[in-house]
Amino acid sequence: WTEGVGFHEVVITKSHDRSIAQMTDMEVKLIIRAYQERYLAMKEDECVEYISIFHNHGRQAGATLYHPHSQIIAIPVTPPDFSRSLQGSAAHFKGTKTCVHCVELKYEMRVKERIIYENEHFIVIAPYASKTAFETRIFPKKHSSNFENISAKDSAYLANALRASLAKIFKGLKNPDYNFFLHTAP
C-alpha cells in the first residue's frame with residue numbers, strides 16, 4: 001500500500017481541430033519537447049517512480065475532451081505490466097548480454113516485412129505478435145532507453161516518425177480512435 005501522491009498534467013495542442021496526424025513535423029516536435037521538459041521536471045521529485053505519457057484520440061480511446069491533448073502522470077510505483085516488461089528485458093540481457101529491443105530491430109531491419117516507416121534515426125514497425133489491431137511501435141535505431149535524454153536533433157526525427165505513422169493510420173483507416181504512449185526506462 002502507498003499513499004496517492006504524484007502529478008497529473010495535461011498537454012493541450014494549439015489547434016482545436018487538427019490531430020497530431022495533421023500537424024507539421026515542427027508542431028509535433030514542440031509536443032515532444034513539452035513531454036520531455038515535463039518528464040525531466042517531474043522525475044526529480046522523490047515520490048516519483050514511474051512517469052506515463054499518453055495520448056487518447058477519440059471517444060472510444062478514452063478521450064473525454066474534444067480538444068486534442070495528451071496526459072502525463074507521475075506516480076510512486078511502476079505499473080505491473082511495465083515491471084514485467086523490464087524484468088523480461090533484464091532476463092534477456094543477463095542471458096545474452098544483448099538488448100532484446102536492439103535484437104528485434106536488427107531482425108526487422110534485415111527482414112523488412114513489418115516496417116511501416118523509417119527515417120535516419122527512428123523506425124516504426126508492426127510487431128510480430130500485436131496485442132491490438134494496427135499496433136505500431138516506434139524505436140530509435142541507436143540503442144537508447146531514456147526518452148528524456150534524447151537530443152534536440154533526435155526529437156525532430158522522433159516527431160517526424162510519430163507524425164508520419166499517425167498520418168498513415170489517419171488516412172488508411174479514416175481517422176480511427178487510438179491511444180499512444182511513451183515507454184521509457186523508469
Check for me, please, whether [X] and [Y] land in the same ILVMFWY cluster - side-chain distances under 4.5 Å, paths through other members count.
| X | Y | value |
| --- | --- | --- |
| Phe7 | Leu182 | yes |
| Phe139 | Phe122 | no |
| Ile73 | Val77 | yes |
| Ile116 | Leu162 | yes |
| Val11 | Phe147 | yes |

With side chains defined as the heavy atoms from C-beta onward, is the minimum distance between [X] and [Y] less than 4.5 Å?
| X | Y | result |
| --- | --- | --- |
| Glu9 | Met42 | yes |
| Leu158 | Ile150 | yes |
| Pro176 | Ile169 | yes |
| Glu148 | Leu40 | yes |

| message | Could you go through Ile123 and Ile138, starting from their C-alpha distance and side-chain angles, then the distance that decides it, and tell me whether this counts as side chain to side chain contact (heavy atoms under 4.5 Å, CB included)? | response | CA-CA 6 Å; Ile123 187 165; Ile138 301 173; over 6 Å; no
State plainly whether the residues [X] and [Y] are in salt-bridge range, i.e. N to O under 4.0 Å.
| X | Y | result |
| --- | --- | --- |
| Glu120 | Lys141 | no |
| Glu27 | Arg18 | yes |
| Glu108 | Lys112 | no |
| Arg137 | Glu135 | yes |

| query | Got a sec: does the CE of Met109 have more than 12 other heavy atoms crowding it under 6.0 Å? | reply | yes
| said: Looking at Gln60, I want to see if its CD is surrounded by more than 12 non-hydrogen atoms of other residues, nucleotides or ligands under 6.0 Å. | reply: no
Testing the basics here: between [X] and [Y], what is the closest heavy-atom pair and its distance to 0.1 Å?
| X | Y | value |
| --- | --- | --- |
| Ile51 | Ala74 | CG1-CB, 3.9 Å |
| Pro127 | Ser130 | O-OG, 3.2 Å |
| Ser155 | Ala152 | OG-O, 2.8 Å |

| request: Please step through side chain to side chain contact (heavy atoms under 4.5 Å, CB included) for the pair Gln22 and Ser19, ending with a clear verdict. | output: CA-CA 5 Å; Gln22 299 167 297; Ser19 69; 3.4 Å; yes
| query | With distance as the sole test, does Asn146 use its side chain to make a donor-acceptor pair with the main-chain N or O of Asn149 at under 3.5 Å? | reply | no
| query | Can you tell me if Thr184 uses its side chain to pair, donor with acceptor, with the backbone of Ser145 under 3.5 Å? | reply | yes
For the [atom1] atom of [X] and the [atom2] atom of [Y], what is their distance to the nearest 0.5 Å?
| X | Y | atom1 | atom2 | answer |
| --- | --- | --- | --- | --- |
| Asn175 | Phe170 | CG | CZ | 4.5 Å |
| Arg110 | Leu105 | CZ | CG | 13.0 Å |
| Asn179 | Ser70 | CG | OG | 11.0 Å |
| Gln87 | Lys94 | CD | NZ | 12.5 Å |
| Thr132 | Phe134 | OG1 | CZ | 9.5 Å |
| Phe93 | Thr98 | CZ | OG1 | 7.5 Å |

| task | Classify the ring geometry between His121 and Tyr157 as parallel (under 30°), tilted (30 to 60°) or perpendicular (over 60°). | result | tilted
| His16 and His67 aromatic ring geometry - parallel, tilted or perpendicular at 30°/60° bounds | perpendicular
| query | Does the side chain to side chain contact (heavy atoms under 4.5 Å, CB included) test come out yes or no for His55 and Ile31, once each step is laid out? | reply | CA-CA 11 Å; His55 181 91; Ile31 295 169; over 6 Å; no
| query | Are Thr13 and Ser15 close enough that a side-chain donor and a side-chain acceptor fall under 3.5 Å? | reply | no
| query | Are Asn56 and Tyr178 close enough that a side-chain donor and a side-chain acceptor fall under 3.5 Å? | reply | no
| query | Do Tyr50 and Phe82 have ring centroids that are under 6.0 Å from one another? | reply | yes
| task | Please test Glu104 against Tyr128 for side chain to side chain contact (heavy atoms under 4.5 Å, CB included), starting from the C-alpha separation and ending with a verdict. | result | CA-CA 10 Å; Glu104 177 185 6; Tyr128 174 74; over 6 Å; no
| query | Between Phe180 and Phe54, is a ring-ring contact (aromatic ring centres under 6.0 Å, His included) present by the stated rule, with each step listed? | reply | CA-CA 6 Å; Phe180 76 73; Phe54 61 95; 9.3 Å; no
